[in-house]
Student: 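Take this structure first; my questions come after.
The chain is numbered in sequence order, starting from 1. Every number for a ligand or one of its atoms is a count from 1 in the order of the listing.
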Amino acid sequence: MIAPKTPAKNVSPASVLQQSAHNHLVLGACPHDCPDTCAIVTTVRDGVAVAVHGNPQHPATAGALCTKVSRYAERTHHPERLLHPMKRIGPKGSGQFERVTWDEALADIAQRLHAIAERDPRAILPYSYAGTMGLVQSEGMAARFFHRLGASVLDRTICASAGGDALLYTLGGKIGTRVADFAGAKVIVIWGSNSIASNLHFWRHAQEAKRNGATLVCIDPRRSETADKCHHHLALKPGTDTALALALMHEWTVQEWLDEDYIARYTLGWNEMPDAQGRPRSLKNRCLQWTPERAAAVCGLDAQAIRDLARLMGETARRNEPVAIRLNYGMQRVYGGGNAVRAIACLPALLGSWRHASGGLLMSSSGHFPIQRAALYRPDLLPLGLAGRTPRTINMSTIGDALLAQAGDAVLDGGPPIEAVVVYNSNPVAVAPESGRVVQGFARDEVFTVVLEHFQTDTADYADYLLPATTQLEHWDIHSSYGHTDVLLNRPAIAPVGESRPNTAIFRELATRCGFDDPCFADDDDTLCRSAFAASDVDFDTLLTQGWVALPERYAASAPFAVGAFPTPSGRCELYSERLAQQGLDGLPDYLPNLESAERNPALAARYPLAMISPPARNFLNSSFVNVKSLRDIEGEPLLEIHASDAHARGIAHGAMVRVFNDRGSYHCTAHISPRARTGVVNGLGVWWRKLGPQRTNVNEVTSQALTDLGRAPTFYDCLVEVELCDH
Ligand SMILES: Nc1nc2c(c(=O)[nH]1)N[C@H]1C(S)=C(S)[C@@H](COP(=O)(O)OP(=O)(O)OC[C@H]3O[C@@H](n4cnc5c(=O)[nH]c(N)nc54)[C@H](O)[C@@H]3O)O[C@H]1N2
Ligand SMILES: Nc1nc2c(c(=O)[nH]1)N[C@H]1C(S)=C(S)[C@@H](COP(=O)(O)OP(=O)(O)OC[C@H]3O[C@@H](n4cnc5c(=O)[nH]c(N)nc54)[C@H](O)[C@@H]3O)O[C@H]1N2
Ligand code: SF4
Ligand SMILES: [Mo]
């Protein structure tokens, strides 16, 4: 274990916890893919983590963790934790393994990867996502190793790249309203986000605003736990957010609620003339085509509800009071998701909401962090392994097709078939779209598969080698956030469980065994943690003693766009994006119907008339925690929420087992006739482990590998299905 260069001070952050002779407290960070990035305090007794609490001294955490992570000790000391390296003995996918030594496993893996790399390293694919968000245990050593090898580069699109690109083209980056500033807003629109389930610490600030008289509005096809607690809920059809946003602009224009001064000074594309090709460059002209009636028909809403929302936002802004939007990822998991985020990201500029610290919009705060990515991940090493070949990129969202593709196929970026895949921090067999193809791909004997995991997940079943990884309680890491603007340090609280090793240690060892002697492979985790923010004035000693440190003001100012200064090429909020136009795309946001919709594909909609969305269940985090019994007991079983009229039309009673299907596949779950579902839309809550669901399937059997308009992201919520009662 690595010792910190500065000895830890005896920290006692806990007014809620008593440090005693038997207990000691260790400061850490929640590693999960969640905007809140909580500071955690682990109580350790006799080498065992007995409890995990929120750090009361970290303002963003305020001493509270969500239910899931409150069970982190249970997850860490779970009886099914992987304790030893294992090698496959049964057929691929059977999950049958025998114990081997680390030496045996690493020697064989290094030898096999090296042999492939000598022929063509692009045939090796690292597959990882956000099992841990830590900058070090995610890609710290892994990226260096795969770059040096010359392996395929993974396009990490599965979650946020449609919205991320949209924000980049509109605002210039993932920058926004500070989360704590929402407490001062007068109107908060929670758009495509179930904050109570997935962003609890934002909800605290929204509650405070509500107590101070703010009006809360939720825009979500599902009547979520958050919608229950807002003053107004607009349950639009999935994938129609752009139409709603354009109708809001329409109303603000005709009612003269716009902030013409802000628009003139700090935006581009509101009033302009057509460009050289004659394409319109005026968002004003476009939105004037979107009356509330037209949008209402598209969205499945009342025109009056749209007018009321426009009035609420418009009049509040005219009174010079802050209107804030909490935008999240719900609406970007459809074909037009990038355009939807672009349209919504234009709204605060039109009302001049950015003038207020408590106005504006927050989607992700990750762009505030000055992470030293080049030093940490060493992309400069990539050409070394390639011996004159061009590197290639594989999109993680089409992993099913990629594993099954032939040499030269587009999904392989024109390169060779995949011969080896190394999975860490991810569970693609459960979470990637169109599971039928994903499972078929991972089942191929020709694909040498290594999985680094805490548990024997659905993906782990397909491993040739399954390697036990440490959890957050057992390793060092450093964290940025996509909800707040603090840096957090995570210290190991206990020794690695069993023979588990940090991801970094495993890739460091593989690098050595492949003969890579670049000095960067000798960096220990302490060095990696320190290098993440090395060039900025994030004070590491404060991190060691306090566990977190706020980013210096120059990176994380309140009211970032009060006087424009958008980090776009024009320095303005780009309602019209010349960069998009140059790619041959529409420079203005427009409504793009779902690929799977009556508008675009009436024949498909006739066969599969229900739109399915699959937002996460509150007590799971993607597919993590599904195997923690106390949390699974709360969720019960895989559910499909369905409106009473849609259920009755199909003879489906509450609690019945149903089959959800389309041309891609089918899965079984229990129907819940629920007011949370609107007519025509079913909610298949995710993401269960396949092997813990009925018939060993989950919701991704029916989702598609089609990609979004921007950002090459998946379209999980652009998915037509039919539902029928099961025979048994
Ligand atoms: N408890 C819990 N927390 C999580 C996660 C988890 O799995 N469980 N996952 C984490 C991850 S990886 C992420 S990316 C974030 C996601 O964070 P959010 O994007 O806030 O995700 P959700 O809470 O699922 O909210 C998405 C909401 O969008 C709605 N929605 C679906 N389609 C549409 C649409 O077309 N338009 C609109 N307006 N709304 C739509 C869904 O019904 C859902 O309520 O949450 C993180 N936090
Ligand atoms: N139908 C549908 N599918 C979805 C979504 C949806 O809304 N609907 N959401 C999508 C989204 S937003 C996302 S982000 C993806 C998430 O997909 P993933 O990033 O794959 O997330 P998880 O399913 O949580 O799997 C993470 C795995 O990493 C492991 N892990 C955690 N920490 C470590 C570590 O330190 N080392 C190693 N080696 N392993 C570790 C965990 O045990 C867990 O099995 O899923 C997507 N899939
Ligand atoms: S999952 Fe989110 S809310 Fe829960 S402890 Fe982690 S950062 Fe906090
Ligand atoms: Mo995500």
Student: Can you tell me if N199 has a non-hydrogen atom under 4.0 Å from ligand 1?
Tutor: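 No; N199 lies far enough from ligand 1 that no heavy-atom distance drops under 4.0 Å.
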Student: Keeping R326 on the side-chain end and M363 on the backbone end, is there a donor-acceptor pair under 3.5 Å?
Tutor: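 Pair found, side chain donor or acceptor close to backbone of M363.
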Student: What's the shortest distance from atom 39 (N) of ligand 1 to any protein heavy atom, and which residue and atom give it?
Tutor: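 Ranking protein heavy atoms by distance from atom 39 (N) of ligand 1, first comes P221 CD, 3.2 Å.
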Student: Can you pull out the closest protein heavy atom to atom 15 (C) of ligand 1? Residue, atom name and distance to 0.1 Å, please.
Tutor: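 Looking at atom 15 (C) of ligand 1, the protein heavy atom closest to it is Y482 OH, 4.1 Å.
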Student: Between S128 and E139, is there a side-chain donor-acceptor contact under 3.5 Å, judged purely by atom types and distance?
Tutor: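 Side chains of E139 and S128: pair found under 3.5 Å.
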Student: Would K68 count as a contact of ligand 1 if the rule is a heavy atom under 4.0 Å away?
Tutor: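 Yes, that is the case, since the closest heavy atom of the residue is under 4.0 Å from the ligand.
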Student: Which of the atoms of ligand 1 are close to F620, meaning less than 4.0 Å from one of its heavy atoms?
Tutor: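 Within the 4.0 Å cut-off of F620, ligand 1 contributes 1 (N), 2 (C), 6 (C), 7 (O), 8 (N).
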Student: At under 4.0 Å between heavy atoms, which part of H32 makes contact with ligand 1: side chain, backbone, both or neither?
Tutor: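 Neither; no heavy atom under 4.0 Å.
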Student: Whether R223 and E641 form a salt bridge (side-chain N of Lys/Arg under 4.0 Å from carboxylate O of Asp/Glu) is what I want to check.
Tutor: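 Result for this pair is no, no salt bridge flagged.
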Student: Considering only protein heavy atoms, which is closest to atom 26 (C) of ligand 1, and at what distance to one decimal place?
Tutor: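 Here the closest protein heavy atom is G192 O, 3.2 Å.
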Student: Heavy-atom distance to atom 18 (P) of ligand 1: which of N328, L200, L234 wins?
Tutor: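 Comparing heavy atoms across N328, L200, L234, the nearest one to atom 18 (P) of ligand 1 lies in N328.
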Student: Under 3.5 Å, side chain of H643 to main-chain N/O of S674, donor-acceptor pair present?
Tutor: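 No.
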Student: With a cut-off of 4.0 Å, which atoms of ligand 1 are near a heavy atom of R222?
Tutor: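 In order of number, 42 (O).
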Student: Any idea which protein heavy atom is nearest atom 6 (Fe) of ligand 3, and the distance to it?
Tutor: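 Closest protein heavy atom to atom 6 (Fe) of ligand 3: C30 SG, 2.3 Å.
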Student: Say whether, by atom type as modelled, one donor and one acceptor occur between the side chain of N698 and the main chain of V687 under 3.5 angstrom.
Tutor: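 Not a single qualifying donor-acceptor pair exists.
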Student: Decide yes or no for L592 and R600: does some side-chain heavy atom of the first lie under 4.5 Å from some side-chain heavy atom of the second?
Tutor: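 Yes - at least one pair of side-chain heavy atoms lies under 4.5 Å apart.
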Student: Who's the nearest protein heavy-atom neighbour of atom 9 (N) of ligand 1, and how far?
Tutor: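 Scanning the protein heavy atoms, the shortest distance from atom 9 (N) of ligand 1 goes to N622 OD1, 3.7 Å.
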Student: Counting heavy atoms only, which part of D241 comes closer than 4.0 Å to ligand 1: side chain, backbone, both or neither?
Tutor: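 Contact part for D241 vs ligand 1: side chain (C-beta onward).
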Student: Identify, for atom 31 (C) of ligand 1, the protein heavy atom at the shortest distance, and state residue, atom and that distance.
Tutor: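 Looking at atom 31 (C) of ligand 1, the protein heavy atom closest to it is Y717 CD1, 3.3 Å.
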Student: Between H201 and C66 (side chain of the first, backbone of the second, donor and acceptor by atom type, cut-off under 3.5 Å), is there such a pair?
Tutor: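 No: the side chain of H201 does not pair with the backbone of C66.
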Student: Is T37 in contact with ligand 3, taking contact as a heavy-atom separation below 4.0 Å?
Tutor: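 It does, in that a heavy atom of T37 comes within the 4.0 Å cut-off of ligand 3.
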Student: Test side-chain contact (heavy atoms from CB on, under 4.5 Å) on W548 and L489; report intermediate values, then the result.
Tutor: CA-CA 6 Å; W548 59 276; L489 185 72; over 6 Å; no
Student: Atoms of ligand 1 less than 4.0 Å from C159 heavy atoms?
Tutor: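 Ligand 1 atoms under the 4.0 Å threshold to C159: 14 (S).
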Student: Checking contacts here: is it the side chain or the backbone of M331 that comes within 4.0 Å of ligand 1, counting heavy atoms only? Could be both or neither.
Tutor: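 For M331, backbone and side-chain atoms both sit under 4.0 Å from ligand 1.
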Student: Provide, to 0.1 Å, the distance between atom 44 (O) of ligand 1 and the closest protein heavy atom, together with that atom's residue and name.
Tutor: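 Nearest protein contact, heavy atoms only, for atom 44 (O) of ligand 1 is D220 OD2, 2.5 Å.
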Student: How does I40 reach ligand 3, if at all, at less than 4.0 Å between non-hydrogen atoms: by side chain, backbone, both, or neither?
Tutor: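 Neither part.
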Student: Counting only heavy atoms, which portion of Y329 has something under 4.0 Å from ligand 1: side chain, backbone, both, or neither?
Tutor: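 Within the 4.0 Å criterion, Y329 contacts ligand 1 through backbone and side-chain atoms alike.
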Student: Ligand 1 versus I613, non-hydrogen atoms closer than 4.0 Å: side chain, backbone, both, neither?
Tutor: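 I613 to ligand 1: side-chain contact only, backbone stays beyond 4.0 Å.
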Student: Does S224 offer a backbone N or O that forms a donor-acceptor pair with the side chain of N194 under 3.5 Å?
Tutor: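 Answer holds: no.
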Student: Among D308, I190, L312, which one satisfies side-chain contact (heavy atoms from CB on, under 4.5 Å) with V217?
Tutor: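 Result for side-chain contact (heavy atoms from CB on, under 4.5 Å) with V217: L312.
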Student: Answer yes if the ring centres of H77 and Y72 are under 6.0 angstrom apart, and no otherwise.
Tutor: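 Centroid distance H77-Y72: not below 6.0 Å, so no.
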Student: Looking only at distance, does T240 have an N or O less than 3.5 Å from an N or O of ligand 1?
Tutor: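 No, T240 has no N/O under 3.5 Å of an N/O on ligand 1.
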Student: Judged by atom type as modelled, is there a donor-acceptor pair below 3.5 Å linking the side chain of N622 to the main-chain atoms of S624?
Tutor: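 Answer holds: no.
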Student: Backbone, side chain, both or neither: what part of S198 comes under 4.0 angstrom of ligand 1, heavy atoms only?
Tutor: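 Looking at S198 and ligand 1, atoms from backbone and side chain both fall under 4.0 Å.
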Student: Would you say I219 and ligand 1 have an N/O pair spaced under 3.5 Å apart?
Tutor: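 Checking ligand 1 against I219, an N or O pair does fall under 3.5 Å apart.
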Student: Taking only heavy atoms of L621 into account, list the atoms of ligand 1 that are under 4.0 Å away from them.
Tutor: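 Near L621, the atoms of ligand 1 are 5 (C), 6 (C), 7 (O), 8 (N).
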Student: Testing V431, V334, I158, T398 one by one against P714 for a side-chain contact (heavy atoms from CB on, under 4.5 Å), which residue passes?
Tutor: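 Only match with P714 under side-chain contact (heavy atoms from CB on, under 4.5 Å): I158.
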Student: Of the backbone atoms (N, CA, C, O) and the side-chain heavy atoms from C-beta on, which set of A617 has a member under 4.0 Å from an atom of ligand 1: side chain, backbone, both, or neither?
Tutor: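 The part of A617 near ligand 1 is the backbone, not the side chain.
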Student: Which residue and non-hydrogen atom of the protein lie closest to atom 8 (Fe) of ligand 3, and at what distance in Å?
Tutor: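 Minimum-distance protein heavy atom for atom 8 (Fe) of ligand 3 reads C38 SG, 2.3 Å.
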Student: For ligand 3, which atoms sit closer than 4.0 Å to a heavy atom of C34?
Tutor: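 Numbered from 1, ligand 3 contributes 1 (S), 2 (Fe), 3 (S), 7 (S).
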Student: With distance as the sole test, does H484 use its side chain to make a donor-acceptor pair with the main-chain N or O of D486 at under 3.5 Å?
Tutor: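 Yes; judged by distance alone, with no hydrogens or angles, the pair exists.
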Student: Do you see a donor-acceptor pair shorter than 3.5 Å between the side chains of T157 and S397?
Tutor: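 Checked: T157/S397 side chains pair up, N/O donor to acceptor below 3.5 Å.
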Student: Pull out every atom of ligand 3 sitting under 4.0 Å from any heavy atom of H201, numbered as shown with elements.
Tutor: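 This gives 3 (S), 8 (Fe) as the contact atoms.
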Student: Just need the protein heavy atom nearest to atom 24 (O) of ligand 1, so name the residue and atom and give the distance.
Tutor: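 Going atom by atom, the protein heavy atom closest to atom 24 (O) of ligand 1 ends up being P616 CD, 2.9 Å.
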Student: Among protein heavy atoms, which sits nearest to atom 28 (O) of ligand 1, and what does the distance come to when rounded to 0.1 Å?
Tutor: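 Scanning the protein heavy atoms, the shortest distance from atom 28 (O) of ligand 1 goes to G330 CA, 3.2 Å.
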Student: Is it the case that the side chain of S435 and the backbone of N700 share a donor-acceptor pair, with hydrogens and angles ignored and the cut-off at 3.5 Å?
Tutor: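 Indeed, once roles are kept as given, a pair shorter than 3.5 Å links the two residues.
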Student: Counting N and O atoms only, with roles assigned by atom type, does the side chain of K210 sit under 3.5 Å from a partner on the main chain of K229, one being a donor and the other an acceptor?
Tutor: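 Answer holds: yes.
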Student: Between Y482 and D33, do the side chains contain an N or O donor and an N or O acceptor separated by less than 3.5 Å?
Tutor: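 Short answer, yes.
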Student: Using a strict cut-off of 4.0 Å, indicate which atoms of ligand 1 neighbour a heavy atom of R333.
Tutor: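 Close to R333: 14 (S).
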Student: Write out the residue and atom name of the closest protein heavy atom to atom 5 (S) of ligand 3, then the distance separating them to 0.1 Å.
Tutor: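 Heavy-atom neighbour on the protein nearest atom 5 (S) of ligand 3: V69 CB, 3.5 Å.
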Student: Pull out every atom of ligand 1 sitting under 4.0 Å from any heavy atom of W191, numbered as shown with elements.
Tutor: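 Atoms satisfying the 4.0 Å criterion: 38 (N).
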Student: Is the shortest distance from a heavy atom of K237 to ligand 1 less than 4.0 Å?
Tutor: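 No, K237 has no heavy atom closer than 4.0 Å to ligand 1.
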Student: Can you label the angle between the H78 ring and the F455 ring as parallel, tilted or perpendicular, going by 30° and 60°?
Tutor: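 Aromatic pair H78/F455 classed perpendicular.
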Student: Under 3.5 Å between some N or O of ligand 1 and some N or O of P35?
Tutor: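 P35 vs ligand 1: no N/O contact under 3.5 Å.
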Student: Find all atoms of ligand 1 within a distance of less than 4.0 Å from any non-hydrogen atom belonging to P238, and give their numbers and elements.
Tutor: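 By the 4.0 Å cutoff, the relevant atoms are 35 (O).
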Student: I'd like to know if the side chain of D220 and the backbone of R222 have a donor-acceptor N/O pair within less than 3.5 Å.
Tutor: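 Present.
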Student: Regarding C66, does it place an N, O or S atom less than 2.8 Å from atom 2 (Fe) of ligand 3?
Tutor: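 No, since none of the N, O or S atoms of C66 sits under 2.8 Å from atom 2 (Fe) of ligand 3.
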Student: Is any N or O atom of G239, backbone or side chain, closer than 3.5 Å to an N or O atom of ligand 1?
Tutor: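 Indeed, backbone or side chain, G239 has an N or O that close.
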Student: Hey, is D477 close enough to R491 for a salt bridge, meaning N to O under 4.0 Å?
Tutor: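 Looking at D477 and R491, the cut-off is not met.
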Student: In terms of atom number and element, which parts of ligand 1 are under 4.0 angstrom from non-hydrogen atoms of R618?
Tutor: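 Numbered from 1, ligand 1 contributes 1 (N).
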